[in-house]
Each structure stands twice: as C-alpha cells, then as structure tokens.
K.L.:
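Take a look at the following structure, please.
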Amino acid sequence: MTMSPQLTTHGATQRIVLESGEPERKGRRRREKVKVARHLMDNRTAYLMIAPMVILLGIFVFWPLVYSFYLSTFEISFYTDPEFVGLQFYRYVLEDPKFWHAIWIGAQYAIYVVPIMLVIAFLIASFIRTVGIKLAGLLKTTVYIPTVVSAVVASIIFVFMYRSDGGIVNWLLSFVGLGPYAFLSNPDLALPAISVPGIWLAFGITTLIMLAGMYDIPESYYEAAQLEGANYFQRTFYITIPLMKNVLLYLLVTATIGALQQFELPLIMTGGGPTNATMTPNLFIFNTFKDPTPYATSFSLTAALILFFVLGTVSVLIFKLINSDKAIDG
Amino acid sequence: MREPLGRRIAKWVLATLIVVSTMLPLAWMIIAGFKGKNEVLRTPFQFFPDVWIWENYIQILGDAAFMQAMIITFIGAVLFTALSLTVNSFAAYAFARLDFRGKSLWWAYCITPMFVPGMAILLTSFVVVSNLGMLNTLAVLIIPGAASAAQMFFIRQFYLNTPVAIEEAALIDGASRWKIFWTIFLPQSQGPFVVVGVGSFLAFWNAYVWPILTIQDPQLQQIMQYLANFRSDRGNEWGLLMAGSALAALPTILLVLIFQRYIVNGVRLAGMK
C-alpha cells in the first residue's frame, strides 16, 4: 500500500521485524553489561538524537491519529458546530451493508492472493535452495525485481495485458481454446484479474524470506533423510515445513493483512467496479473520504479506525508471538 | 560428483521458466514501447512488432512534463532518502547504544507507528499538512514520511551487534558520543544504510496516493501521478504509455541491480526457525 512514504514502508516493516529475533536478545544482554561499565548517563545527547524522530512522528503520525479518534466521535457539518455523538458512527459503520460488502471483497482478494502466492514462493524457494550459487543469485535477483515496480506501473501493464483486443492474456488463452474475456469489466473476473498483479508484486520478497528460512535448516537433516530414502515430499512435510513453522505463520499473517489493505491496484485498474466487484475496504474508505456529504468524513474515518483496531491488534499479537521465546523452540 | 545430465537440464529448464514468467510483464511493457500506433493493438495478436521503432521512447523523453516529473521526483527522492537516513540513524544509535531516562517509554512511542495502517491517518494527515501550509510544496512529500519506525528498527539491530570494545576505548580517550557516532558507527553502516536507503528511495519514487492528495501544481507533479493521469487522459496511446512506464520503472530496477549484493542477501532471519 503506498500512501505517504511513511506508510509505504509498512510492508517492509514486517520483513525487518523478522530479522530481529536473536540480535534483540543478545543486544539486551550486552547493553546491561555496558550499563555497569559506564557511569555517566547520556541523557542530553540521547534526547538530541531522538528529538527529530520524536517530533516528526508526533506531528505526522500521533497527532493525525488522535485527531482521527476525535473526529470519529463528532458529527461535522458546514452549517453548525461539530456535535459530539459518542460512538454513534461506529454503529453506523458496522450496520452499513456497503462496509461489509467491502470487507467481503477484501477477504476474497486475500483468499485469491495469499495461498497462491505462498505456494509459488515456497516452490521457487525450494528450487533455488537446490541450485548452484551463481544460478541462485540470478534467480533471487530476478524474483525480487517485480517487488520494486510501483503499483501504478503494474496496474498500467496489466490493464494493457488484459485487453480483449491486442492483450497478451487473451492471446495466450486462445491456445487452450478459451476467451476472449473482457477481464476488467466482468464482475466475476475483475477481482481474480486484479489478484494476479497483486501476487506478481509480492511473491519475490516472500520467496526471499522463505529462502532465508530454508538456508537456516542444517543440510545434515536432509542428508540423513535422503539416506533413509525420504523423497522430496516427505522431506518437505517432515523437515522443511515443521522447521519453518514460524516463518510461514508470519508470512501468512503479514500477507493477509497486506492483502486486506490493498487498494492501489483496484483504484487504478477498475476504480472499484464493475458493480463494486473490486471495492476493497481501503478503496471504499478512500472513496468515502472524497464524498462531499457531511456525514461522509466522520463515517470513513470511523471505518478506517475500525480496521485499524482489528489489523493493528493482529500485528501486535503476531509481533509478540514471533519475538517471544515460546515461538522459537518449534 | 556431478549431477546426472537429465537433472541438470531439468534445473535449467525450470530456472528459465521462472525467469521468463517473472519478467514477462516487464518485457511486454518494453516491447510494446517499440510498437507503432497501428501495431500496438493489432489483431490478430503478434508478440514482436514487424517494425521496431524508437519513436515512442524519443517522444516521451521529449515531453517536457514527463521529464519535469522524472527530475522533480528524483530530486525529491534523494532529499527524502538523505533526511530519513539522518533522522532514523540518529534515533537508532541512541536506542541501541545510549542509556537515558524514559528510554523504554520513548522506544514504545517510536515503534508504535509500525502498527498504524496508513489509511487510519490518511485524511487527518492531509488536514495537518494543509493547516501547516505545506500543500503543493516538495516538503509535503519529503517531511511527513521521513521518520520511519521500521527503518529505525532495522538500523538499530545493526548497531546493537557492533562490538563495544572500540566504543569504550574511544570513551576512555575522551571522545564525545557524537564523535563516536560519526567516526566509528557511520563508516560501518554501509550495509544497513544501503538497504534502508534504497527502501526510502523506492517508497518515494513509487508513491501515488499521497502525491495525488497533496500536489496539484503541475510543476511538482510526481512521476506516478503523471503516468496515472496520462492513462486516464490519453489512454489510447498505448505505445507511448508503455514507453513512459518502462522509463519510469527503470531507475528502481537499476537500483536493485546495482545494490543486489546488499539487498537480496540482506534478507536474513536470525534465530528464527
């Protein structure tokens, strides 16, 4: 999801969190040692060094967040003073069928994207693990390239690829006797069609994270299994998957949270249509922002906050689980 | 011991398949850029053009608005990267190596934004920046996103693992914390700085939603804004649009290729199984 650059890093965030397990604990231990060795505190220097970050986050994250909460409890109108309405908007949002429709679209999108992407990434990562170092390097760079392509460029490419005249997808389908389809104007096909660039943009980094997890599994496990005559599937299901339980769980959750928040692809490719078939939750919220009726502002803010409660809670729980000692022994 | 020939061939076939299917959309974009008006939408379909023409690429490079968008976005991305590296590495150093009052409280404060989805603060961020008079300035694109919890976290992990011995020796010699940061930590920070720096650059270059909310001035139009507008205004000039998209994606792909050593190998999971 790309909004302000701040918000864009959210996806990357999760990846970085992952890399933190061990050093975090080591660091803590070491820091305690430093504390004993050194007698002066560094209050002044430390405050100066964190000040820019603290101030920027205060103005551009915390203040807008508090302001969102404030606005979600007021009814704003151009003609009268804002009126305190408590949690009324939360009830409106939760009773609005359009909100639930958007949630349903988001869930469907996640169902299309997440399992396929995880399986593709797992298969490619398993393959890269078996090839030589040079080919592995080439493949790793190749699968990573789509990750850096912007959602706008991806949308433009795929809109072009999906055209019914001159589009490459329909041309490829014609070899198996299908089509032509007007993918983006057919309500049944539009959401699956949008999922393809969604997968294409995200599978590369997922592959690299899985691969990093696979490289951590000692080669001797596989050698022993091979001596015992275990085939690829047995090695995958009895060694790779159980030992990568945490990585897979982590990827599953972050990919799902990411998918539920997707909105640039539908925004550019279909604008939420046809007949709201690609109206994901964030696109619904974004469109309501721009609705000039008085309720709309508070309504969409409230919807955004409800999603924030749910997704934020899940992220925090997963972050805790992954970084807790309990998760490590698996 | 060499692998049997059949297996080696199978591996190369599979590898080629992965490369081709991953690169197909990008290759298709670049090739479509080489097609003339009457070829780009031709039926029956043809993958390669009969005549390869440079016209689309030359024409889009000659488009003043396109070049302006490329240049202004590039300048913004460089400034944004520099600012965010400064802000985040300072905080990272303080949290990794210094003890100070209220540290855990400030840590919680600085790390919380990782869990705030952008949509929850998008509209009110817009209200804040317009109250600050920042709309239609380069600053509105650069400053609000510069402080990043994720990037600070990443750099901090690296500083936590730097050995203490040199630092303590320098302290005994009477060096200040600032001097230690500049002379010991910064020179070693190449790896993590490349990873988060490239991340910042990409985030800025690829940004779309925040620019369309805050920038109306055509002089400051961002490259992704330009492309999306091009698509809705001149949507039938596909060859030109593909050429423009290819050129707009080029800097990001070049960055990955140049820094692949750091980025692709930078994904490591320490201690997680």
Side-chain angles (χ1 to χ4, degrees), chain A residues 2-9 12-13 16 18 20-23 27 34-35 41-43 45-46 49-50 52-53 56-57 60-61 64-65 67-68 131 135 140-145 148-150 152-153 156-157 165-166 168 171 208 212-213 243 246 282 285 289 304-305 308 311-312 315-316, chain B residues 11 15 19 22 25 28-29 41 43 45 87 90-91 94 98-101 110 113-115 117-125 128 144-145 147-148 150 154 157 160-161 164 177 199 202-204 206-210 224 227-228 231 245 249 252-253 256 260 264 267-273:
Chain A
T2 316
M3 281 186 259
S4 81
Q6 163 81 44
L7 315 166
T8 334
T9 45
T13 305
I16 288 152
L18 237 156
S20 68
E22 190 72 63
V34 176
K35 207 176 191 171
M41 296 278 273
D42 305 288
N43 280 331
T45 318
M49 291 190 102
I50 65 169
M53 179 151 196
L56 284 174
L57 291 178
F60 298 110
V61 176
L65 190 61
Y67 194 39
S68 288
V131 301
L135 184 57
K140 283 197 278 186
T141 306
T142 307
V143 297
Y144 188 70
I145 284 176
V148 303
V149 174
S150 79
V152 173
V153 170
I156 291 173
I157 298 175
D165 54 331
I168 191 170
W171 177 64
L208 294 188
L243 285 176
N246 279 347
N282 274 350
I285 292 166
F289 276 164
L305 287 174
F308 160 57
L311 300 179
S315 319
V316 171
Chain B
K11 276 186 178 175
V19 172
T22 305
W28 177 234
M29 164 178 76
L41 291 178
T43 34
F45 181 88
V87 170
F90 277 6
L98 303 181
D99 278 314
F100 53 98
R101 214 174 309 128
C110 285
M114 279 212 295
F115 305 107
M119 201 39 98
I121 57 170
L122 184 64
L123 180 68
T124 42
S125 295
V128 167
S148 157
F154 186 87
Q157 290 307 124
L160 281 176
N161 290 321
V164 277
R177 284 295 184 179
L202 291 176
F204 191 96
N206 291 339
Y208 172 63
V209 173
W210 186 244
M224 292 308 149
L227 287 178
R231 197 213 141 203
S245 303
T252 60
I253 294 170
V256 178
Q260 56 176 321
V264 171
V267 182
R268 232 175 267 125
L269 332 162
M272 265 192 54
K273 295 202 180 80

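All chains are named by letter (A, B, ...) in the order of the sequence lines, taking the proteins before the strands, and each is independently numbered beginning at 1. Bear in mind that the values here come from a model prediction, so they are computed numbers and not experimental data.
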K.L.:
Tell me the closest heavy-atom pair linking B:Ala120 and A:Ser68, and the distance in Å.
P.N.:
O-OG, 3.0 Å

K.L.:
Using non-hydrogen atoms only, which part of B:Val19 is less than 4.5 Å away from chain A: side chain, backbone, both, or neither?
P.N.:
both

K.L.:
For the CE atom of B:Met119 and the CD1 atom of A:Ile285, what is their distance to the nearest 0.5 Å?
P.N.:
6.0 Å

K.L.:
Applying side-chain contact (heavy atoms from CB on, under 4.5 Å), name anything that partners A:Pro52, two or more places apart in sequence or on another chain.
P.N.:
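With sequence neighbours excluded, A:Pro52 shows a side-chain contact (heavy atoms from CB on, under 4.5 Å) to B:Val87, given in chain and number order.
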
K.L.:
Heavy-atom distance under 4.5 Å to chain B: side chain of A:Leu65, backbone, both or neither?
P.N.:
both

K.L.:
Let me see the working for A:Leu57 and B:Cys110 under side-chain contact (heavy atoms from CB on, under 4.5 Å), right down to the final yes or no.
P.N.:
CA-CA 7 Å; A:Leu57 291 178; B:Cys110 285; 4.3 Å; yes

K.L.:
Please round to the nearest 0.5 Å and tell me the distance separating atom OH of A:Tyr144 and atom OG1 of B:Thr22.
P.N.:
14.5 Å

K.L.:
At their closest point, which heavy atom of A:Met53 faces which heavy atom of B:Ala91, and how far apart are they?
P.N.:
SD-CB, 3.5 Å

K.L.:
Kindly write out the residues that satisfy ring-ring contact (aromatic ring centres under 6.0 Å, His included) with B:Phe90, not counting sequence neighbours, or none if the list is empty.
P.N.:
B:Trp178, B:Phe181

K.L.:
Can you tell which of A:Val153, A:Ile157, A:Ile168 makes a side chain to side chain contact (heavy atoms under 4.5 Å, CB included) with B:Pro25?
P.N.:
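Testing each of A:Val153, A:Ile157, A:Ile168 against B:Pro25, the sole residue satisfying side chain to side chain contact (heavy atoms under 4.5 Å, CB included) is A:Ile157.
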
K.L.:
Kindly give the heavy-atom pair with the smallest separation between B:Ile121 and A:Phe60, and that separation in Å.
P.N.:
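Here B:Ile121 and A:Phe60 meet closest at CD1-O, 3.9 Å.
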
K.L.:
Measuring heavy-atom distances to chain B, does A:Ile156 have an atom under 4.5 Å in its side chain, in its backbone, in both, or in neither?
P.N.:
both

K.L.:
What pair of heavy atoms forms the shortest contact from B:Ile253 to A:Ile145, and how long is it?
P.N.:
CG1-CG2, 4.0 Å

K.L.:
Quick check on A:Phe289 against chain B: is it the side chain, the backbone, both or neither that has a heavy atom closer than 4.5 Å?
P.N.:
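Interface part for A:Phe289: side chain.
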
K.L.:
Could you pull out the closest heavy-atom pair between B:Thr124 and A:Pro64, with the gap in Å?
P.N.:
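Reported closest heavy-atom pair: OG1-O, 2.9 Å.
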
K.L.:
Can you see which heavy atom on A:Phe308 is nearest to which on B:Phe115, and at what distance?
P.N.:
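Heavy atoms of A:Phe308 and B:Phe115 come nearest at CE1-O, 3.5 Å.
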
